[in-house]
Amino acid sequence: MPSRKVRVRFAPSPTGGLHLGGMRTVLFNYLFARQNGGDFILRIEDTDQARFVEGAEQYIIDCLNWCGLNPDEGPHVGGPFAPYRQSERKENYRKYAEQLVKQGNAYYAFDTTEELENKRKEIPNFQYGHAHRMEMRNSLSLSDDEVQSLLSQNVPHVIRIKVPEDETIAFTDMIRGAVSFDTNLVDDKVLLKADGMPTYHLAVVVDDYLMQISHAFRGEEWLPSAPVHLLLWEYLGWKAVMPEWVHLPLILKPDGNGKLSKRDGDRLGFPVFAMDWKDPKSGEITKGFKELGFLPEAFVNMLALLGWNDGTEQEIFTIAELIEKFSIERVSKAGAKFDFEKAKWFNQEWIKRKPVSELEPFVADILKQKGVEVESSFLQKAIALVKERLVYVNDFWQQASFFFVSPEQYDLGSVKPKWNDQKTEFFHLMGEVFKSTASWEAIDIELLFKSQAETSGLKVGELMLPFRIMLVGGKFGPHVFDIAHLLGRQETVSRIERGLNAIAE
RNA sequence: GGCCCGUUCGUCUAGGGGUUAGGACAUCAGAUUUUCAUUCUGGCAACAGGGGUUCGAUUCCCCUACGGGCUACCA
């Protein structure tokens with residue numbers, strides 16, 4: 001049990017679609033916060049003006065909302081630590097950066113981009129650090145007068161951290177355990193950019209402090225810059241309230257190697273983003289799990305099991321169970337290759353388990369798009385009949401459209417070769433019988449069908465498929481008699497007639 | 001290249017000094033379903049390699065290999 005109030009944050013930069021890795025970070029943050037009665041904060045890290053993308057922030061909020069992982073504080077809901085956009089907190093950062101300069105833990109650097117580039121070309125493995133910083137143009141190498149004059153002339157400059165020599169920075173990561181770095185190999189990262197904006201390094205530390213973050217969850221790709229952050233927490237005098245570090249394993253490409261990216265999804269044919277993302281510049285739409293037909297419960301469940309398990313053989317978890325059972329200690333250290341087949345399985349399982357009434361809104365949405373109006377009771381019966389065969393909610397139309405619209409095309413190829421007049425006569429007769437029969441229960445329809453086949457001297461087996469094709473159009477769908485039952489007497493008879501005509505042509 | 005992190009079936013993983021190394025997805029075979037899907041049964045399939053430590057290592061330690069991440073005035 002954490003000893004202080006749990007406050008966690010998800011801190012994305014609004015640069016585009018929200019991918020699986022990001023969503024999983026959201027989930028773990030959320031689960032941990034809920035489990036410990038803590039707060040979950042959304043903080044937008046929009047310090048890079050060049051990469052800012054219009055609409056990306058709202059999109060992130062929408063994705064969180066779709067999954068039911070809503071933050072307690074954030075730019076859209078406010079909170080006691082507002083503002084929650086770093087671009088709106090710009091003034092904070094300069095203050096702390098200047099403080100570090102005064103303390104001697106940071107310095108002004110006036111090197112231009114070209115100068116840095118040249119230096120990097122000149123010296124292999126160049127690092128702006130203890131070994132080379134005196135060769136550069138900064139407040140360490142220049143005289144005070146020079147620095148003052150450059151500053152007063154408003155010469156563009158950055159503030160860099162002064163990483164100490166010959167120290168070992170060690171800390172404990174809740175997933176990885178003891179991690180340590182030699183400061184001689186850490187470079188003097190830029191803290192405040194020439195445009196006055198902080199870099200990620202300064203901004204996370206300052207805001208995590210100001211927002212009283214207790215546990216910092218982030219991807220493993222941040223591990224190498226952790227020593228810079230540790231140093232900052234120390235120099236700013238906040239070490240006592242530094243959050244616990246939780247570096248999450250990466251989600252990898254299913255084939256080959258490397259971090260999963262949007263490109264992999266495009267290439268391999270599966271979504272990587274939670275929801276459809278439309279690039280405002282190119283207008284290009286990248287498919288999301290939601291629009292493909294994933295249930296949010298399934299998506300969340302799948303995400304949770306990507307790098308975590310509860311140690312039992314249970315794989316299907318509700319959000320409530322996840323909140324109860326999640327533990328950082330059980331998150332695995334190694335990166336996980338994303339397996340879309342398994343993701344589909346989760347969705348299928350959730351569709352099967354979800355009661356018809358809860359599935360109805362999703363399906364009603366699909367019907368609305370198709371311009372079909374039906375009564376709820378009818379729709380529910382249709383859902384009950386096909387839900388076991390859906391992988392995506394969106395499969396519903398393909399699997400059940402015949403309940404609402406009579407087939408336009410018939411799979412005649414599987415009927416015609418074995419067709420004969422006897423069968424035509426049988427179905428004519430069958431239609432008559434159906435018109436006058438008392439009961440329209442599936443079981444009675446079946447009994448009727450079979451006895452009629454017998455009196456006509458035909459094998460039931462040879463009539464089932466034609467009957468199905470007349471009702472459905474093809475070789476798919478639930479049991480024929482269940483279909484006939486739901487379709488109703490009249491519709492069944494008229495479909496037989498229509499089917500007969502199609503076969504006759 | 002340097003630094004950091006990692007390594008159990010094809011994939012996600014459980015396990016942990018002595019186990020027939022378990023499950024799930026995928027795959028294969030069979031049963032059921034007079035369509036398909038579902039369901040059921042069964043099969044295939046893993047401790048990266050080498051040194052230690054130990055009576056005994058997949059498990060602990062070291063090395064190597066391999067994989068990944070980082071190495072920007074991007075996050």
Side-chain angles (χ1 to χ4, degrees), chain A residues 11-15 45-51 86 109 111-113 116-117 120 124-128 156-160 173 175-177 179-182 184-187 189-201 203-204 218-227 247 249-250 252-259 302 305-316 330 332-346 348-349 352 386-391 395 399 411 414 450 459-465 467-469 472 474-480 483:
Chain A
S13 41
T15 54
E45 310 227 335
D46 53 351
T47 54
D48 185 4
Q49 289 155 339
R51 293 210 312 160
Q86 289 185 329
D111 318 275
T112 63
T113 312
L116 287 168
E117 267 172 25
R120 280 191 254 268
N125 299 330
F126 171 78
Q127 273 200 314
Y128 205 125
H157 63 277
V158 300
I159 292 179
R160 306 186 89 111
D173 181 273
I175 291 175
R176 266 145 246 284
V179 182
S180 64
F181 296 84
D182 176 351
N184 292 337
L185 299 160
V186 178
D187 56 352
K189 287 262 182 282
V190 169
L191 264 22
L192 200 75
K193 300 185 254 188
D195 65 1
M197 277 291 196
T199 58
Y200 170 83
H201 307 294
V204 246
R218 49 158 46 158
E220 192 189 350
E221 72 266 30
W222 290 109
L223 208 44
S225 52
H247 287 94
L250 265 16
L252 278 13
K253 304 175 196 293
D255 63 338
N257 301 300
K259 259 202 290 189
M302 177 273 292
L305 274 279
L306 221 48
W308 173 86
N309 71 83
D310 78 336
T312 71
E313 278 165 14
Q314 181 176 355
E315 293 200 275
I316 303 296
R330 293 202 61 88
S332 49
K333 294 183 174 75
K337 286 184 183 171
F338 176 63
D339 182 1
F340 187 55
E341 290 305 318
K342 185 92 186 213
K344 287 198 311 205
W345 175 79
F346 276 111
Q348 204 173 354
E349 285 300 309
K352 275 189 296 195
V386 301
K387 69 178 216 158
E388 306 248 307
R389 52 195 76 215
L390 306 179
V391 173
D395 288 343
Q399 287 290 330
D411 178 4
S414 41
K450 286 182 174 169
K459 284 182 191 156
V460 179
E462 288 179 19
L463 299 166
M464 294 286 278
L465 190 59
F467 189 33
R468 166 176 298 280
I469 288 179
V472 173
K475 289 198 275 188
F476 65 95
H479 296 289
V480 236
I483 297 172

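Just the heavy atoms: all of them, side chains too, but no hydrogens, waters or symmetry mates, feed the values below. In what follows, every chain begins at residue 1, and chains take the letters A, B, ... in the order their sequences are listed.
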Notebook entry, point to check: Between B:G6, B:A75, B:A24, which nucleotide has the shortest distance from any of its atoms to the side chain of A:W345?
Noted result: B:A24
Item checked: pair A:L305-A:F346: side-chain heavy atoms closer than 4.5 Å -> yes
Item checked: From B:C12, B:G6, B:G23, nucleotide with atom closest to A:A336 side chain -> B:C12
Next item on the list: Give the C-alpha distance, both sets of side-chain angles, the deciding distance and a yes or no for side-chain contact (heavy atoms from CB on, under 4.5 Å) between A:D111 and A:Y128.
Entry: CA-CA 11 Å; A:D111 318 275; A:Y128 205 125; 2.6 Å; yes
Margin query: Would you say A:K193 places a side-chain N or O within less than 4.0 Å of OP1 or OP2 belonging to B:C74?
Written below: yes
Check: Taking C-beta and beyond as the side chain, do A:I175 and A:E220 meet within less than 4.5 Å on heavy atoms?
Finding: no
Next item on the list: Measure the shortest side-chain to side-chain distance between A:I469 and A:S414 over non-hydrogen atoms and say whether it is less than 4.5 angstrom.
Entry: yes
Check: How is A:T312 classified with respect to the nucleic acid when contacts are heavy atoms under 4.0 Å: base, sugar-phosphate, or nothing?
Finding: nothing
Notebook entry, point to check: When we call it a touch if two heavy atoms are under 4.0 Å apart, what does A:L191 touch: a base, just sugar-phosphate, or nothing?
Noted result: nothing
Next item on the list: Round to a whole Å and report the spacing from CG of A:N309 to C1' of B:G23.
Entry: 10 Å
Item checked: B:U13 to B:U33 separation - P atoms, rounded to the nearest Å -> 39 Å
Next item on the list: Rounded to the nearest angstrom, tell me the gap between atom CZ in A:R176 and atom C1' in B:G68.
Entry: 11 Å
Next item on the list: Rounded to whole angstrom, note down the P distance from B:G49 over to B:A57.
Entry: 14 Å
Next item on the list: Over 60° means perpendicular and under 30° means parallel, so classify the ring planes of A:W222 and A:H201, tilted if in between.
Entry: perpendicular
Notebook entry, point to check: Hey, mind stepping through A:T199 and A:K189 against side-chain contact (heavy atoms from CB on, under 4.5 Å) and telling me if it holds?
Noted result: CA-CA 9 Å; A:T199 58; A:K189 287 262 182 282; over 6 Å; no
Item checked: Euclidean distance for P, B:C47 against B:C12 (whole angstrom) -> 15 Å
Margin query: Any base atoms under 4.0 Å from A:K259, or only sugar-phosphate, or nothing? Heavy atoms, all strands.
Written below: sugar-phosphate
Check: Hey, does A:H247 reach any base, or is it just sugar-phosphate, or nothing, if we go heavy atoms under 4.0 Å?
Finding: nothing
Next item on the list: Could you measure between the two P atoms, the one in B:C62 and the one in B:A26, and give it in whole Å?
Entry: 39 Å
Next item on the list: Quick one: label A:A194 by what it contacts on the DNA or RNA (base, sugar-phosphate, nothing), any heavy atom closer than 4.0 Å.
Entry: base
Next item on the list: Mind checking A:R218 for me? I need base, sugar-phosphate or nothing, with any heavy atom below 4.0 Å counting as a touch.
Entry: nothing
Notebook entry, point to check: When you measure from the side chain of A:A334, which nucleotide among B:A72, B:A75, B:G6 comes out closest?
Noted result: B:G6
Margin query: Tell me whether A:K352 at atom NZ has more than 12 heavy atoms from other residues, nucleotides or ligands lying less than 6.0 Å away.
Written below: yes
Check: Is there a donor-acceptor pair under 3.5 Å between the side chain of A:R51 and the backbone N or O of A:D46?
Finding: no
Next item on the list: Can you see which heavy atom on A:K333 is nearest to which on A:R176, and at what distance?
Entry: O-NH1, 3.3 Å
Notebook entry, point to check: Looking for any heavy atom pair under 4.0 Å, which part of the strands does A:D187 touch: base, sugar-phosphate only, or nothing?
Noted result: nothing
Notebook entry, point to check: For B:C70, does OP1 or OP2 lie under 4.0 Å from any side-chain N or O of A:S225?
Noted result: no
Notebook entry, point to check: Using a cut-off of 4.0 Å on non-hydrogen atoms, how would the nucleic acid contact of A:G307 be classed: base, sugar-phosphate, or nothing?
Noted result: sugar-phosphate
Check: Between A:E315 (CD) and B:C12 (P), how many Å, whole number?
Finding: 13 Å
Next item on the list: Between A:Q127 and A:H479, name the one whose nearest nucleotide on RNA chain B is closer to the 5' end.
Entry: A:H479
Check: Within a strict 4.5 Å, meaning less than it, do heavy atoms of the A:K193 and A:P156 side chains meet?
Finding: no
Next item on the list: Could you check which nucleotide pairs with B:G67 in any of the strands shown, counting Watson-Crick or G-U wobble with both distances under 3.5 Å?
Entry: B:C5
Item checked: Distance, rounded to the nearest Å, where A:E220 contributes CD and B:G67 contributes P -> 16 Å
Check: When rounded to the nearest Å, what value does the distance between P atoms of B:A21 and B:A46 take?
Finding: 11 Å
Checklist line | Any-strand Watson-Crick or G-U partner of B:C25, both distances under 3.5 Å | finding: B:G10
Check: From the list B:G22, B:A75, B:C4, which nucleotide is the closest neighbour of the side chain of A:V179?
Finding: B:C4
Checklist line | Whole-Å gap separating P (B:C25) and CE (A:M302) | finding: 16 Å
Next item on the list: Using whole Å, report how far OH of A:Y128 lies from P of B:C70.
Entry: 24 Å
Checklist line | d(NZ, A:K342; C1', B:C25) in whole Å | finding: 5 Å
Notebook entry, point to check: B:G23 and B:G18: how far apart are their C1' atoms, nearest whole angstrom?
Noted result: 23 Å
Next item on the list: Return the value, rounded to whole Å, for the distance between atom CD of A:E221 and atom C1' of B:G67.
Entry: 17 Å
Check: Any side-chain heavy atom of A:H247 within less than 4.5 Å of one from A:V179?
Finding: no
Next item on the list: When you get a sec, tell me which of B:U34, B:C70, B:A75 is the closest nucleotide to the side chain of A:V460?
Entry: B:U34
Next item on the list: If a protein heavy atom is under 4.0 Å from the base, mark B; if only from the sugar-phosphate, S; if neither, -; do that for nucleotides 38-48 of chain B going 5' to 3'.
Entry: SS---------
Margin query: At 4.0 Å (heavy atoms only), tell me whether A:T15 reaches a base, stays on the sugar-phosphate, or touches nothing.
Written below: nothing
Note to self: Let's see if you can work this out: which of B:U34, B:G69, B:C74 has an atom nearest to the side-chain heavy atoms of A:K450?
What the structure shows: B:U34
Checklist line | RNA chain B: 5'-proximal contact among A:F476 and A:L185 (nearest heavy atom) | finding: A:L185
Next item on the list: Please measure how far the P atom in B:A48 lies from the corresponding atom in B:U71, and state the result in whole Å.
Entry: 30 Å
Next item on the list: With the side chain of A:R468 defined as its heavy atoms from C-beta on, choose the nearest nucleotide among B:A75, B:G6, B:U35.
Entry: B:U35
Next item on the list: State whether A:N125 places a side-chain N or O below 4.0 Å from either non-bridging phosphate oxygen (OP1 or OP2) of B:G1.
Entry: no
Notebook entry, point to check: In the strands shown, is B:U38 matched to any nucleotide by a Watson-Crick or G-U wobble pair with both distances under 3.5 Å, and which?
Noted result: none
Margin query: Taking only the C1' atom of each, what is the distance from B:A14 to B:A24 in whole angstrom?
Written below: 11 Å
Note to self: Measuring to OP1 and OP2 of B:G15, would you say a side-chain N or O of A:R330 lies under 4.0 angstrom away?
What the structure shows: yes
Next item on the list: Classify the nucleic acid contact of A:P478 as base, sugar-phosphate or nothing, counting any heavy atom under 4.0 Å across all strands shown.
Entry: base
